[in-house]
2 protein chains.
Amino acid sequence: MKIATWNVNSVRARQERLLEWLKSAQPDVVCLQELKCTEADFPLEAVRDAGYHAALHGQKTYNGVAILAKEEPRDVVKGLSDGVDDTHARLIAATVKGIRVVSAYAPNGQSVDSPQYEYKLEWYGRLRRYLDTRHKPDEPLVLGGDWNVAPEDIDTYDPKLWEGQTLFTLKERDALQRLRAFGLTDAYRKLHPDTQRFSWWDYRNLGFPKNLGLRIDHLYVSAPLVPRLTGADTDRDARKGKQPSDHAPVWLELQD
Amino acid sequence: MKIATWNVNSVRARQERLLEWLKSAQPDVVCLQELKCTEADFPLEAVRDAGYHAALHGQKTYNGVAILAKEEPRDVVKGLSDGVDDTHARLIAATVKGIRVVSAYAPNGQSVDSPQYEYKLEWYGRLRRYLDTRHKPDEPLVLGGDWNVAPEDIDTYDPKLWEGQTLFTLKERDALQRLRAFGLTDAYRKLHPDTQRFSWWDYRNLGFPKNLGLRIDHLYVSAPLVPRLTGADTDRDARKGKQPSDHAPVWLELQD
DNA sequence: GTAGGTATAG
DNA sequence: CTATACCTAC
């Protein structure tokens with residue numbers, strides 16, 4: 001079973017690329033982020049024609065997340081639903097083939113002294129409480145998303161340059177660590193402890209050609225799924241060519 | 001000798017289409033309208049690589065006209081240069097192979113009661129005076145352009161619907177007629193007196209699929225060139241496919 | 001650099 | 001419907 005996550009950076013601008021990638025990669029489940037459109041504007045027909053059902057949590061211009069799956073996603077839950085007044089469409093959860101799948105788009109955080117940075121740290125706390133409230137670490141659980149945090153030095157092209165910058169501050173890494181402490185394992189890092197693989201490259205300054213990237217897109221699995229992990233990687237090719245997303249898809253394989 | 005006119009509706013947005021069309025149609029001279037860019041932003045390199053020289057009169061956002069030619073255009077004159085305070089880049093003239101070529105983008109006229117409509121009628125008068133001042137009817141002269149006027153009933157898909165609408169009011173047709181009275185012959189209509197051929201289809205309301213068009217792009221030739229006319233038509237295919245201009249190229253052939 | 005929104009123009 | 005400009009965000 002193949003599960004992937006991809007920040008598409010506008011699903012309408014990237015429709016053809018998404019369809020081509022679905023066709024070639026053939027994931028069973030895909031977590032999408034940054035749809036940048038409402039549910040009504042999502043290209044549902046085309047995705048259906050490609051063989052996928054879709055659970056959607058859309059928003060105009062910003063955010064927007066989805067779970068695509070060959071089998072119909074069940075028990076769809078949109079947002080953190082924790083009573084906080086929050087319009088951001090950053091989370092959707094659904095059950096596919098007995099696995100609870102969460103597609104998450106963590107706040108970017110803008111700059112360390114901004115309200116967005118505070119919101120980001122709070123959001124991570126809220127997501128940890130979401131897991132505590134609704135799930136148990138021994139359930140089969142997969143969280144795929146753009147976490148907007150590089151967890152370790154190896155996940156940046158230049159840790160000294162990035163140290164203290166948004167996406168790589170201590171507080172953000174701590175917040176991610178506290179989320180993982182629920183009982184989550186970073187699928188890629190588990191299988192490839194020492195291999196540097198980025199998932200995002202800035203559009204600016206020739207980030208991709210120079211391979212100046214970060215690994216900020218991760219798939220997290222709960223304990224019962226760890227022994228079933230058979231593969232994990234990034235589809236770097238999807239970042240190539242014309243009009244790509246700034247993120248590449250990240251995937252894992254589970255033994256059936 | 002093949003001479004064409006094409007309102008490209010942004011030469012930058014249409015660069016690839018323009019180059020492909022130049023490659024397949026192989027005109028000796030092309031009058032372009034609605035470049036929608038300054039001379040500095042014109043894709044001069046690519047056009048040169050395709051085998052064409054360019055005489056340019058650019059403008060940011062609106063208007064902008066050019067003459068492309070396999071031989072270098074000589075004695076380039078930009079604008080009407082009649083002392084009227086007018087920033088619109090709607091006219092360029094140059095000599096190619098002994099023929100004086102004018103590329104013209106007539107004002108659209110918006111609505112009959114608008115200042116733009118008045119400007120359009122005046123512009124036609126100014127262009128007639130331009131010809132009177134600078135040229136003689138027995139010179140070899142070709143005017144190619146988007147004239148924003150359908151000359152006759154046959155040049156609209158529904159003359160009753162269009163009667164009195166901008167692009168088909170009596171005043172506009174009169175203004176065009178007065179221009180032609182300088183001694184100009186509509187090349188397409190001369191060779192095909194009874195055949196309906198449109199050059200423009202509105203992007204809206206499925207104008208092209210339903211063939212709801214107008215013939216507002218014409219090539220006019222002076223008397224010495226009329227006997228040399230061997231062909232004239234519209235490249236309807238250039239309006240097909242993705243991201244087309246709303247205009248198709250119009251061309252004529254002259255015996256050498 | 002690459003999106004989206006709004007507005008204007010055709 | 002398809003462009004442009006200017007604005008904001010990442």
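Values below: all heavy atoms of this structure, side chains included; hydrogens, waters and symmetry mates excluded. Order of the sequence lines sets the chain letters (A, B, ...), proteins ahead of strands, with each chain counted from 1. As the structure is a computational prediction, the values presented were derived from the model and not from experiment.
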Using whole Å, report how far [atom1] of [X] lies from [atom2] of [N].
{"X": "A:Arg204", "N": "D:dC10", "atom1": "CZ", "atom2": "P", "answer": "11 Å"}
{"X": "B:Lys242", "N": "D:dC1", "atom1": "NZ", "atom2": "P", "answer": "15 Å"}
{"X": "B:His247", "N": "C:dA9", "atom1": "NE2", "atom2": "P", "answer": "17 Å"}
{"X": "A:Phe208", "N": "D:dC10", "atom1": "CZ", "atom2": "C1'", "answer": "18 Å"}
{"X": "A:Asp202", "N": "C:dT2", "atom1": "CG", "atom2": "C1'", "answer": "10 Å"}
{"X": "B:Leu35", "N": "D:dT4", "atom1": "CG", "atom2": "C1'", "answer": "14 Å"}
{"X": "A:Trp200", "N": "C:dG1", "atom1": "CH2", "atom2": "C1'", "answer": "11 Å"}

#### Entry: Test item: B:Trp6 and B:His247 side chains (from C-beta on) under 4.5 Å apart, heavy atoms
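Yes; the side chains approach each other to less than 4.5 Å.
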**Message:** Contact between A:Asp146 and A:Trp200 at the side-chain level, heavy atoms closer than 4.5 Å - yes or no?
**Reply:**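 The answer is no; the side chains never approach within 4.5 Å.
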- Message: Using a 4.0 Å cut-off on heavy atoms, which residues in residues 155-168 of chain A reach DNA chain C? List them by number, or say none.
- Response: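 Residues of residues 155-168 of chain A that come under 4.0 Å of DNA chain C do not exist, since none gets that close.
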> Any salt bridge between A:Glu16 and A:Lys23, counting N to O under 4.0 Å?
Replying inline: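 Salt bridge: no.
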| query | Does B:Asp174 pair with B:Lys171 as a salt bridge, N-O distance under 4.0 Å? | reply |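 Salt bridge flag = no for B:Lys171 with B:Asp174.
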Output a table of nitrogen or oxygen pairs between the protein and nucleotides 4-8 of chain C separated by less than 3.5 Å.
{"unit_1": "C:dG4", "atom_1": "OP1", "unit_2": "A:Ser10", "atom_2": "OG", "d": "2.8"}

**Asked** Counting only heavy atoms not in A:Lys78, do more than 12 sit closer than 6.0 Å to its NZ atom?
**Response**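 Above 12, so yes.
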| said: So for atom CG, which belongs to A:Asn205, do other residues, nucleotides or ligands contribute more than 12 heavy atoms lying within a distance under 6.0 Å? | reply: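 Not buried by this count: 12 neighbours or fewer within 6.0 Å.
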When all nucleic acid strands are considered with a 4.0 Å heavy-atom cut-off, which category describes B:Gln243: base, sugar-phosphate, or nothing?
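Touches sugar-phosphate only.
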Inset, instruction - Classify the ring geometry between A:Phe208 and A:Trp201 as parallel (under 30°), tilted (30 to 60°) or perpendicular (over 60°). - result: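 Ring orientation of A:Phe208 relative to A:Trp201: perpendicular.
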- prompt: Parallel, tilted or perpendicular: which fits the ring planes of B:Tyr157 and B:Phe198, with parallel below 30° and perpendicular above 60°?
  reply: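 Perpendicular.
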Does a donor on one side chain and an acceptor on the other come within less than 3.5 Å for B:Asn9 and B:Tyr203?
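Indeed, the side chains of B:Asn9 and B:Tyr203 share at least one donor-acceptor pair under 3.5 Å.
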Q. Does a side chain donor of either B:Asp86 or B:Tyr119 reach within less than 3.5 Å of an acceptor in the other side chain?
A.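 Yes - a donor-acceptor pair under 3.5 Å links their side chains.
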Exercise for review: Mind running a 4.0 Å heavy-atom check of residues 103-118 of chain A against DNA chain D and sending the residues that fall below it, in number order?
Suggested key: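 Close to the strand are A:Asn108, A:Gln110.
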OP1 or OP2 of D:dA3 under 4.0 Å from side-chain N/O of B:Arg14:
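It does, given that an N or O in the side chain of B:Arg14 lies less than 4.0 Å from OP1 or OP2 of D:dA3.
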Inset, instruction - Report the residue from A:Asp155, A:Asp235, A:Asp233 that forms a salt bridge (Lys or Arg N to Asp or Glu O under 4.0 Å) with A:Arg197. - result: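 Exactly one candidate clears the test, A:Asp233.
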